[in-house]
Amino acid sequence: MRLVLLSDVHANLPALDAVLADIARRAPDTPVYHLGDLVGYAPWPNEVVDRLRAAGIPGVAGNYDSTTATGYKHCGCRYEDPRQEALSHLSYAWTLAHTSEASKRWLGTLPFRLDVRPMGGHLGSPTVILVHGNPMINTFYWTEDRGDDFNVKMARQAGAKPGDVIAFGHTHKPWHRTVEGTHFVNTGSVGRPKDGDWRAGYVILETSGTAGAVLGVEFVRVEYDVERAMAAIRESDLPDEFADYLRTGGAG
Ligand SMILES: [Fe+2]
């Protein structure tokens with residue numbers, strides 16, 4: 001059994017289209033789920049929503065989705081300095097102004113968490129728990145440097161058992177760890193990676209056909225038309241810095 005997980009598209013339509021084409025080639029007829037943050041930072045919020053709706057890809061609400069849907073005072077993002085904070089507010093204001101009412105309504109229907117049983121619900125495991133940030137809130141940055149104790153605490157909060165998977169995004173940096181038998185998978189980002197690799201990222205999760213054990217977590221990276229995304233950002237009223245950010249994968 002395989003599952004495809006993708007997260008943090010952030011309104012980057014060329015990146016999403018490249019990932020969907022790659023999935024169709026490498027993992028056809030495989031269930032696909034998104035882990036939120038469909039909008040923000042790039043100029044295609046409605047087109048990204050429409051693509052996922054048309055493809056019937058279910059998923060959970062990222063902080064950018066739930067704040068945009070509810071018109072919250074900010075996007076629930078973290079800033080490192082005043083310049084980043086100013087850029088973040090510009091992105092959020094642009095997204096609020098350009099996301100259609102229909103898209104906002106749909107973003108508002110996304111659940112906080114989804115539990116998937118690749119083996120079917122009549123078997124106890126494994127459960128793949130999908131959230132955006134952590135099992136309590138979608139604004140939490142669950143980074144790779146958290147200690148084992150923290151991961152065990154998250155598993156307990158989520159009700160995860162050994163063999164289960166908790167998958168999440170939000171930090172835009174992919175990683176996988178196993179602590180006390182529970183798998184923790186950060187799926188990285190389709191449309192705004194921050195790990196220094198500009199290519200769009202997603203995950204193929206493989207579980208065995210009988211025992212339900214997790215066999216593999218493959219981090220896939222896909223080249224896409226980043227120049228098109230950069231040009232569209234520059235042509236929009238979004239800050240040009242967001243275009244440069246895409247080219248460097250957040251490293252510049
Ligand atoms: Fe995000």
Side-chain angles (χ1 to χ4, degrees), residues 1-42 44-66 68 103 106-107 109-116 118 128-134 138 141-142 165-176 183-195 197-207 214 216-226 229 246 249-250:
M1 281 293 304
R2 292 197 294 178
L3 285 183
V4 171
L5 305 175
L6 57 91
S7 189
D8 294 86
V9 178
H10 282 299
N12 187 338
L13 190 67
L16 176 62
D17 280 344
V19 161
L20 294 179
D22 197 65
I23 293 167
R25 258 195 317 272
R26 298 169 52 111
D29 304 318
T30 304
V32 182
Y33 295 88
H34 76 79
L35 280 73
D37 269 9
L38 306 178
V39 300
Y41 303 109
W44 293 282
N46 300 306
E47 291 83 350
V48 163
V49 164
D50 290 348
R51 278 286 196 287
L52 291 173
R53 293 184 73 171
I57 296 174
V60 299
N63 55 294
Y64 230 112
D65 310 314
S66 56
T68 298
S103 295
W106 184 79
L107 290 171
T109 68
L110 295 174
F112 173 76
R113 159 179 170 165
L114 273 178
D115 287 6
V116 180
V128 181
I129 297 164
L130 310 179
V131 292
H132 180 70
N134 78 5
N138 65 17
Y141 289 82
W142 191 345
V165 179
I166 306 180
F168 45 94
H170 191 51
T171 71
H172 301 203
K173 292 183 178 178
W175 56 271
H176 170 216
H183 293 264
F184 302 92
V185 179
N186 189 313
T187 53
S189 172
V190 170
R192 192 172 154 84
K194 295 184 181 176
D195 61 350
D197 183 344
W198 64 273
R199 297 173 300 169
Y202 74 95
V203 163
I204 300 176
L205 180 75
E206 190 165 355
T207 59
V214 173
V217 178
E218 183 184 359
F219 293 100
V220 184
R221 298 305 278 258
V222 184
E223 294 193 0
Y224 73 97
D225 191 350
V226 69
L246 291 188

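Because the structure is a prediction, the values reported are computed rather than measured.
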Taking all heavy atoms of [X] and all of [Y], pick out the closest pair and write down the distance.
{"X": "Lys194", "Y": "Thr171", "answer": "CD-O, 3.7 Å"}
{"X": "Val190", "Y": "Gly201", "answer": "CG2-O, 3.4 Å"}
{"X": "Pro45", "Y": "Ala11", "answer": "N-CB, 3.7 Å"}
{"X": "Gly59", "Y": "Pro111", "answer": "O-CD, 3.2 Å"}
{"X": "Leu246", "Y": "Ala229", "answer": "CD1-CB, 3.8 Å"}
{"X": "Gly169", "Y": "Ser7", "answer": "CA-OG, 3.8 Å"}

Check: [Y] and [X] side chains under 4.5 Å, non-hydrogen atoms:
{"X": "Val185", "Y": "Ile166", "answer": "no"}
{"X": "Asn138", "Y": "Val131", "answer": "no"}
{"X": "Ile23", "Y": "Leu6", "answer": "yes"}
{"X": "Thr187", "Y": "Phe168", "answer": "no"}
{"X": "Pro118", "Y": "Val128", "answer": "yes"}
{"X": "Val9", "Y": "Asp37", "answer": "no"}
{"X": "Tyr33", "Y": "Val116", "answer": "yes"}
{"X": "His176", "Y": "Asn186", "answer": "no"}

TODO: Begin from the C-alpha positions of Asp22 and Tyr202 and carry the test side-chain hydrogen bond (donor to acceptor under 3.5 Å, both in side chains) through to its verdict.
DONE: CA-CA 10 Å; Asp22 197 65; Tyr202 74 95; 2.8 Å; yes
Quick check against the 3.5 Å criterion: does [X] have a side-chain atom that pairs as donor or acceptor with the backbone of [Y]?
{"X": "His10", "Y": "Val39", "result": "yes"}
{"X": "Arg221", "Y": "Arg199", "result": "yes"}
{"X": "Asp65", "Y": "Leu107", "result": "no"}
{"X": "His172", "Y": "Ser189", "result": "no"}

- [ ] Identify, with sequence neighbours excluded, every residue that meets side-chain hydrogen bond (donor to acceptor under 3.5 Å, both in side chains) alongside Asn134.
- [x]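 Testing Asn134 for side-chain hydrogen bond (donor to acceptor under 3.5 Å, both in side chains), a comparison that skips the adjacent residues, returns none.
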TODO: Calculate, to the nearest 0.5 Å, the distance between atoms CG and CD1 belonging to Leu3 and Ile204 respectively.
DONE: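 Between atom CG of Leu3 and atom CD1 of Ile204 there are 10.5 Å.
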TODO: Can you measure from OG (Ser103) to CZ (Arg53) and round to the nearest 0.5 angstrom?
DONE: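 It is 7.5 Å, given to the nearest 0.5 Å.
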TODO: Test Leu110 against every option in Leu38, Leu52, Val60 by the side-chain contact (heavy atoms from CB on, under 4.5 Å) rule and name the one that passes.
DONE: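 Testing each of Leu38, Leu52, Val60 against Leu110, the sole residue satisfying side-chain contact (heavy atoms from CB on, under 4.5 Å) is Leu38.
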Task: Any residue meeting salt bridge (Lys or Arg N to Asp or Glu O under 4.0 Å) with Asp17, in chain and number order, not counting sequence neighbours - done: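 Partners of Asp17 by the salt bridge (Lys or Arg N to Asp or Glu O under 4.0 Å) criterion, ordered by chain and then number, come out as Arg51.
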- [ ] In sequence, state the C-alpha distance, the side-chain angles, and the governing distance for Tyr224 and Asn12, and then conclude on side-chain hydrogen bond (donor to acceptor under 3.5 Å, both in side chains).
- [x] CA-CA 10 Å; Tyr224 73 97; Asn12 187 338; 3.1 Å; yes
Open item on the list: What verdict does the side-chain contact (heavy atoms from CB on, under 4.5 Å) test give for Leu35 and Leu5, after you've listed the backbone C-alpha separation in whole Å, the side-chain angles of each residue and the deciding distance to 0.1 Å?
Closed with: CA-CA 7 Å; Leu35 280 73; Leu5 305 175; 4.0 Å; yes
Open item on the list: For Phe219 and Trp175: C-alpha separation, side-chain torsions, deciding distance, then whether ring-ring contact (aromatic ring centres under 6.0 Å, His included) applies.
Closed with: CA-CA 8 Å; Phe219 293 100; Trp175 56 271; 9.2 Å; no
- [ ] Applying side-chain hydrogen bond (donor to acceptor under 3.5 Å, both in side chains), run through Asn63 and His170 and close with a yes or a no.
- [x] CA-CA 8 Å; Asn63 55 294; His170 191 51; 3.1 Å; yes
- [ ] State plainly whether the residues Arg2 and Glu218 are in salt-bridge range, i.e. N to O under 4.0 Å.
- [x]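 Result for this pair is no, no salt bridge flagged.
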